[in-house]
Amino acid sequence: MTNAAVLPTNSLGIVHADDAQLQVSGLNVFYGESHILRDVDLTVPGGKMVCLIGRNGVGKTTLLKTVMGLLRQRSGRVTFEGQEISALPPHRRAKAHIGYVPQGREIIPQLTVRENLLLGYEALPGGMGRHRHVDPFVYELFPVLESFLERRGGDLSGGQQQQLAIARALLGKPRLLLLDEPTEGIQPSVVLDIERAVRQITATGISVLLVEQHLHFVRQADWYYAMQKGGVVASGPTSELSKAVVDRFLSV
Amino acid sequence: MTSLLDTLFNGLAIGSVLMLAALGLAVVFGLMGVINMAHGELMMLGAYTTYVVQNLLKTGPLQALFPAYILIAIPLAFLVSGLAGLVLEKTVIRRLYGRPLETLLATWGVSLILQQLVRSVSTAFFIGLVLALVLGLGLPRFLPAAWLRQRWSPLLKLGSWLLAGGLGIALAALAGQTRQLRLPWFSARNIEVTAPQWLRGSIEVAGVTMPTGRLFIIALTALSLIAVHWFLQKSVWGIRIRAVTQNRSMSSCLGIPTDKVDALSFLVGSGLAGVAGVAVTLLGSVGPNMGGNYIVDCFMVVVLGGVGKLLGTVVAALGIGILSYVLGSGSLLLLWPQMPAALNSLITFFATTSMAKVLVFMLIVAFLQFRPAGLFPQKGRMVEA
């Protein structure tokens, strides 16, 4: 349905592809025989923050997993910085500077916090072998991590794990960060920390693709996409995110 | 007192062999979740490497090194078995991740192939095998690339392998005309590995006679254990291996090349089997079938210790070793001469090597009924696709 000559625009036809850093076009993804994503088009412009909203089970996480390469699309393309990455395994996409903070954090439980952080360097050339010390900027972002360096990752609280997961992704110097519900099930004070950190991240020019339910976090994004039943049904600048849209697409 | 120490030393020696043999399996099965039935045959390759090194150094210009041949054999055996394991991973096991039953059957087949390989390999056989492999792997490179992307490409590949195999067999048959080239290298008989002079004596400490050969095995086991522990806990690749073991998909998302990690873990595990093979030459007969004597014990050790835990392997190996020696040698009778007659006859009944093994395995089975995850349970990766 999309070919190279036609700019992949979403259903409202607003986003143009010129400044696109990540571009998803005509994406169809299946779990076995069940059709999860239906012809999804989405664009993340360089240095912007884009938010995916929608009720549970509409395919937001599936979309992020497909962008990261954990799931294979049946049709459609994923392009990052002009390169098609649809066929690459996840570790090659990480090395192309896409950082991923999954739902449920996915900290390596038996490794120490320090080792978990060092794993973030694996996305850089030379990996942990060349980068043996954690860059202290992550401790400025999340001071709590520095005091827990020798603890096991699995022993941290949910909020601390979330901070660790974000810090780990940042150490790989991503140019696009995929954040899947970073505030889900986390105490309010830590939510504020995380929101502040994400603001600082976007200020440094890293683009962010965010899946989020908290409305005031959503409002920090530049652009929103609303999903329903596996497809993108609405999008626009978050400043124009009206109450009616929120009620229709956000479960909170 | 002396007999107690004596018993402990001999049990420790038996446990060390078990531990060394199971260490490689603890990496391959414990960490990666791959059931490798050919592990015993990788040990056998290590033992045959020792034999070859011994024969090469026995005469000729390097004779001066002969007393140290076993030290030279250790790294070589690691390499030979490790590379064999690497080839096995790249060709067979990689395609079967997440399918334990198929892996079990396929690696069992590989173990039979390896056994027959050392029985029948001769110079003619070897030349033919090398030709077939080089042709089979190299032919597709000379074909036009477009031919390999057609629907019938698999048929083309099959055809090129058939051709390569046929040419290899033809060359082997041709070379076999010469008697010199037809002679098998090892034959199906057991081979003779003689320990160097300095491993045949014994030293006495506190009234306990310790054969130096056994002391050597204990030292080799301790060194291997320290090396594996360091590798897994401190080295960069060790951290990668542990990360992939615990969370494969997230590790990949962080940029860790999981296929390389799999290959490396398999190489290390198989190489350790080779080192164990070197140690085994000091103890008993070395032949094409020796792998089968060890594989069951190795799996027992890893399962009893708790899959995925090195400490479990250590404790389980020493425990099984000491227990089977204590039971098998009837040392309990010596330690406690005036025990009741009923107990005495029971212990005498189990006081042979094979009956002791029966009893130990029965105890393990009973133990696993209550603690199915072993002594030190941890969630390991049962490999997902």
Side-chain angles (χ1 to χ4, degrees), chain A residues 64-72 88-112 114-132 152-154 161 164-165 167-174 177-178 180, chain B residues 26-27 30-33 94-95 97-98 149 228-265 305-313 373-374 376-385:
Chain A
L64 289 201
K65 281 186 173 173
T66 315
V67 170
M68 199 59 219
L70 286 172
L71 296 170
R72 275 292 145 88
L88 296 184
H91 66 92
R92 297 275 305 278
R93 300 190 198 202
K95 290 199 164 107
H97 298 283
I98 301 181
Y100 180 44
V101 179
Q103 200 172 22
R105 282 83 71 171
E106 310 268 330
I107 295 299
I108 315 288
Q110 306 285 337
L111 263 54
T112 62
R114 185 198 300 280
E115 286 167 333
N116 265 292
L117 285 170
L118 287 173
L119 281 176
Y121 283 125
E122 284 292 284
L124 297 177
M128 284 183 289
R130 202 180 294 170
H131 304 86
R132 295 189 163 271
R152 284 187 185 183
Q161 286 192 358
L164 175 55
R168 181 177 67 178
L170 286 178
L171 286 172
K173 302 209 172 10
L177 192 60
L178 309 176
D180 199 346
Chain B
V27 173
L31 289 181
M32 299 175 67
R94 162 148 307 176
R95 295 157 207 274
Y97 278 133
R149 275 182 256 118
V228 171
H229 182 78
W230 177 86
F231 174 72
L232 286 177
Q233 296 299 323
K234 298 281 179 246
S235 78
V236 167
W237 280 101
I239 298 179
R240 286 182 188 138
I241 289 176
R242 284 186 294 145
V244 171
T245 305
Q246 291 171 41
N247 192 334
R248 167 164 286 260
S249 57
M250 191 58 220
S251 299
S252 183
C253 289
L254 289 169
I256 300 175
T258 46
D259 45 352
K260 274 195 198 133
V261 168
D262 290 337
L264 181 80
S265 324
V307 170
K309 272 282 212 208
L310 219 51
L311 178 66
T313 305
F376 298 93
Q378 184 199 36
K379 201 174 149 283
R381 162 169 71 95
M382 294 315 279
V383 212
E384 71 270 37

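What you see is a predicted model; the values in this text were computed from it and never measured. Residue numbering restarts at 1 for every chain, and letters A, B, ... go by the order of the sequence lines.
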Chemist: Roughly how far, to the nearest 0.5 Å, is the OG atom of B/S251 from the NE2 atom of A/H91?
Modeler: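 A/H91 atom NE2 to B/S251 atom OG measures 11.5 Å (nearest 0.5 Å).
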Chemist: In Å, rounded to the nearest 0.5 Å, how long is the span from CZ of A/R105 to CE of B/M250?
Modeler: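 Separation between the atoms: 12.5 Å.
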Chemist: Out of curiosity, A/E106 CD to B/C253 SG, how far, rounded to the nearest 0.5 Å?
Modeler: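 A/E106 atom CD to B/C253 atom SG measures 8.5 Å (nearest 0.5 Å).
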Chemist: Name every donor-acceptor pair, under 3.5 Å, that has one atom in a side chain of residues 117-131 of chain A and the other anywhere in the protein, sequence neighbours excluded.
Modeler:
residue : atom : partner : partner atom : Å
A/Y121  : OH   : A/H133  : O            : 3.2
A/Y121  : OH   : A/D135  : N            : 2.9
A/E122  : OE1  : B/R240  : NE           : 2.6
A/E122  : OE2  : A/M128  : N            : 2.9
A/E122  : OE2  : B/R240  : NE           : 3.1
A/E122  : OE2  : B/R240  : NH2          : 2.9
A/H131  : ND1  : A/G127  : O            : 3.0

Chemist: In terms of heavy-atom pairs under 4.5 Å, which option from A/G69, A/G172, A/P109 contacts chain B the most?
Modeler: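 With the most close heavy-atom pairs to chain B, the winner is A/P109.
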Chemist: Any idea which of A/I98, A/I107, A/L171, A/L111 has the most non-hydrogen atom pairs under 4.5 angstrom with chain B?
Modeler: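 Ranked by contacts with chain B, first place is A/L111.
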Chemist: What option among B/S252, B/P257, B/A243, B/S235 has the most heavy-atom pairs under 4.5 Å with chain A?
Modeler: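 Sorted descending by pairs with chain A, the first entry is B/S252.
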Chemist: Between chain B and each of A/P174, A/A94, A/G99, count heavy-atom pairs under 4.5 Å; write down the option with the most.
Modeler: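 Of A/P174, A/A94, A/G99, A/A94 has the most heavy-atom pairs under 4.5 Å with chain B.
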Chemist: Would you say CZ of B/R95 has more than 12 non-hydrogen atoms from neighbouring residues, nucleotides or ligands within 6.0 angstrom?
Modeler: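 Check fails, neighbour count at 12 or below.
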Chemist: Check B/R242 against A/E115 and note the closest heavy-atom contact, atom names and distance.
Modeler: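 Of all heavy-atom pairs spanning B/R242 and A/E115, the closest is NH2-OE2, 3.0 Å.
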Chemist: What do you reckon, is NZ of B/K260 surrounded by more than 12 foreign heavy atoms closer than 6.0 Å?
Modeler: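 No, NZ of B/K260 has 12 or fewer neighbouring heavy atoms, counting only those of other groups under 6.0 Å.
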Chemist: Is the shortest side-chain heavy-atom distance between B/L254 and A/R168 below 4.5 Å?
Modeler: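 With C-beta onward as the side chain, the pair touches.
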Chemist: Could you note down all residue pairs passing side-chain hydrogen bond (donor to acceptor under 3.5 Å, both in side chains) where residues 92-101 of chain A supplies at least one of them, sequence neighbours left out?
Modeler: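 Applying side-chain hydrogen bond (donor to acceptor under 3.5 Å, both in side chains) to every pair that reaches into residues 92-101 of chain A, excluding sequence neighbours, yields nothing.
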